[in-house]
Protein chains: 2
Amino acid sequence: MRQVAVIGVGSTIFGKLPEKPVKDMGRDAVWAAIDDANINPKEIQFAYASTSFGANVVGERILTEAGISDIEVFNVENACAGGATAFRGTWYAIASGLYDIGVAVGVESMTTSPVAGKLIPPEPGDLLGEMGNSAPAHFALSMRRHMDKYGTTLEQFAKVSVKNHRNGCLNPYSQYKKELSVEEILNSRMICDPITLLQCCPNTDGAAAAILCPVSLARKYTKKPIIVAASVLNMGDYEYRWKDLASSDMTTKCAKKAYEMAGCGPEDVDICELHDAFAYSEISHYEELGFCPYGEGGRLIDEGITEIEGRIPVNPSGGLLSRGHPLAATGVEQIAEIVWQLRQEAGKRQVAGAKVGLAHTVGGEVAGLESGAVAIHILKR
Amino acid sequence: MRQVAVIGVGSTIFGKLPEKPVKDMGRDAVWAAIDDANINPKEIQFAYASTSFGANVVGERILTEAGISDIEVFNVENACAGGATAFRGTWYAIASGLYDIGVAVGVESMTTSPVAGKLIPPEPGDLLGEMGNSAPAHFALSMRRHMDKYGTTLEQFAKVSVKNHRNGCLNPYSQYKKELSVEEILNSRMICDPITLLQCCPNTDGAAAAILCPVSLARKYTKKPIIVAASVLNMGDYEYRWKDLASSDMTTKCAKKAYEMAGCGPEDVDICELHDAFAYSEISHYEELGFCPYGEGGRLIDEGITEIEGRIPVNPSGGLLSRGHPLAATGVEQIAEIVWQLRQEAGKRQVAGAKVGLAHTVGGEVAGLESGAVAIHILKR
């Protein structure tokens with residue numbers, strides 16, 4: 001397999017943009033990535049696009065809008081891991097030699113989606129969903145279990161949100177740019193005890209794109225190619241769901257494969273963008289990704305280890321909590337953030353000297369607790 | 001690249017099945033394909049799943065329901081070409097050496113979809129759609145143009161529907177099993193002049209699946225491996241749309257690539273399953289696929305050339321018109337039909353001695369006339 005590099009990334013500003021059609025946001029992200037990669041749009045040979053609630057044939061619509069035609073297009077969906085799935089597909093088509101240059105684009109308009117302002121409803125036949133096992137309910141149970149099992153405190157979870165909102169203030173693409181205190185977070189509206197409003201990711205609109213090519217061609221386009229060292233996508237184990245509510249095997253298994261593929265370990269990660277759908281999620285993912293032993297996620301946040309200046313900066317972009325979470329755009333936006341960080345172009349939120357970045361998304365884990373997907377990518381400069 | 005074979009296929013019976021959840025139909029098709037391939041479900045290493053209107057993470061739901069877990073799953077969407085896109089993804093992952101055994105599954109519950117009983121509505125910003133350019137309207141214009149340009153008659157279009165409904169009577173998986181006369185078809189309710197009801201594909205629920213592996217392993221599982229000789233997926237050319245309403249470049253371009261890849265031409269095709277979303281479509285696709293010169297599609301149907309006993313049997317399954325059209329299931333069902341035909345297992349609709357089969361789907365061509373996808377696969381025994 002050939003080594004593959006990211007040569008350009010682009011993003012819209014994230015936020016509430018109900019007036020922006022999905023295809024326009026996608027086009028803007030693709031154009032930004034084309035500019036960044038300094039390529040001729042005609043050089044793009046294929047695309048992977050993703051949306052969860054956007055239009056059918058979303059990739060063809062976006063590319064037509066961007067003035068690109070007559071290429072192969074895969075539209076992929078994996079709930080919140082859809083963008084990462086698109087990135088993985090693009091990576092593989094190049095790594096395997098099918099194509100040389102492709103674009104991955106993820107887009108979502110949550111404010112105009114059928115689930116705008118609602119919980120994602122249970123599918124027909126989803127008994128747990130019918131009984132109220134929505135995403136916040138599931139994560140509230142998991143958070144409570146983490147507290148009981150490991151002694152993690154409400155304050156520790158709240159500090160995740162404090163950190164990510166502080167980071168979001170430094171990111172021009174972020175939906176929220178407002179610092180919050182532990183008290184504000186804990187005193188915000190109760191959504192599902194013990195999860196308060198400011199510990200939940202918001203509804204967000206936006207798009208992100210990345211352009212990839214073989215490392216052997218990358219220098220033609222950029223002085224700072226970023227290498228894809230690992231790409232792993234895995235569905236949740238049927239068994240995972242009731243083994244331990246405090247953690248999920250899905251991420252642990254996927255991370256093991258990704259570290260093996262990249263030839264590195266969690267100790268080598270200089271910057272991580274992970275799936276903080278809820279503040280709880282970030283703490284549990286610290287542990288599942290191997291940044292600390294199980295039960296010590298709370299300590300990591302207390303000691304500032306995951307701050308931008310810490311040993312393992314996590315979500316310097318602001319994460320899902322502050323930058324926002326346009327479902328299928330998130331996975332590609334994480335890649336864009338890591339590319340900016342590894343190129344030392346992340347401005348005020350720059351992690352000094354970052355060389356290895358890890359992107360992690362989880363999709364559909366709690367849709368009726370049936371199943372879901374985890375994707376992990378490791379990038380290196 | 002490795003040669004890849006289809007070693008098992010499976011399908012639900014197509015029809016109006018609103019009581020059947022998407023994941024149950026998908027599971028039934030996957031189980032049928034597993035039985036047919038005579039493999040242990042644990043041997044399946046990855047999956048491509050497709051639905052247009054079904055649930056998010058549909059592949060993970062189907063596999064979990066089928067008792068398969070902890071594998072890589074891509075959910076793909078390309079409107080009516082979604083099933084073919086899933087098949088192409090599965091083929092490529094094996095051809096390129098990433099995996100050895102995978103399943104492609106397509107599923108749709110049109111009767112419970114948000115568009116049940118309606119026209120698919122225009123997306124925001126789709127001005128042509130807002131002005132009434134729905135699928136029947138677009139194809140009615142194209143049909144009229146074909147009549148004006150080439151002298152094709154209403155009776156010739158109706159005969160496509162007569163043929164496909166006759167074939168459907170011979171297919172146990174078909175939604176409709178009723179012979180119709182030219183008069184019945186022409187006198188059925190006018191949908192969009194000159195297209196009458198019985199020249200439109202119906203709303204259908206159903207699922208189909210196919211299991212693939214390298215040719216080098218196929219004999220372990222089956223005495224009749226069917227080889228994938230060509231796989232091409234292409235988005236519509238931005239230009240195609242107003243060049244000539246009577247025909248579409250999308251299929252022509254895709255067919256050219258597919259014949260080249262398979263090392264054969266239209267004259268070598270023994271059986272074809274093509275995208276007869278409307279009776280008109282079948283006539284125009286005869287021409288675009290090279291079965292006859294442009295303008296002579298009507299003659300093909302008049303002369304019985306595309307009947308089961310003819311020189312190029314088209315849609316012996318009954319096609320979309322009679323077998324039915326559960327959007328993302330159709331592309332995989334076409335593969336299943338061709339596999340049965342090439343194995344000489346198609347019962348009363350068997351095409352004698354068929355050795356080469358071609359499957360053709362078109363997706364999203366008329367969604368605001370913006371863009372779409374065409375997929376062609378050529379299979380050989």
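Residue numbering restarts at 1 for every chain, and letters A, B, ... go by the order of the sequence lines.
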Looking at [atom1] of [X] and [atom2] of [Y], how far apart are the two atoms once the value is rounded to the nearest 0.5 Å?
X	Y	atom1	atom2	result
B/Arg61	A/Met235	CZ	CE	11.5 Å
A/Phe74	B/Phe74	CZ	CZ	9.0 Å
B/Asn75	A/Thr85	CG	OG1	8.0 Å

More than 12 non-hydrogen atoms from neighbouring residues, nucleotides or ligands closer than 6.0 Å to CD on A/Glu19, yes or no? yes
Could you tell me whether the side chain of B/Asn78 and the main chain of A/Val73 form a donor-acceptor pair under 3.5 Å? yes
Under 3.5 Å: donor-acceptor pair, side chain of A/Glu77, backbone of B/Val57: yes
Do any of residues 41-53 of chain A have a heavy atom less than 4.5 Å from a heavy atom of chain B, and if so, which, in residue order? A/Tyr48, A/Ser52, A/Phe53
Scanning both residues in full, the closest heavy-atom pair of A/Ala373 with B/Glu60 reads CB-OE2, 3.3 Å
Greatest number of heavy atom pairs closer than 4.5 Å to chain A - which of B/Ala55, B/Gly54, B/Pro21: B/Ala55
Largest heavy-atom contact set with chain A, pairs under 4.5 Å, which of B/Val76, B/Leu233, B/Val232, B/Val58: B/Leu233
A/Asn234 side chain near B/Ile71 side chain, heavy-atom distance below 4.5 Å: no
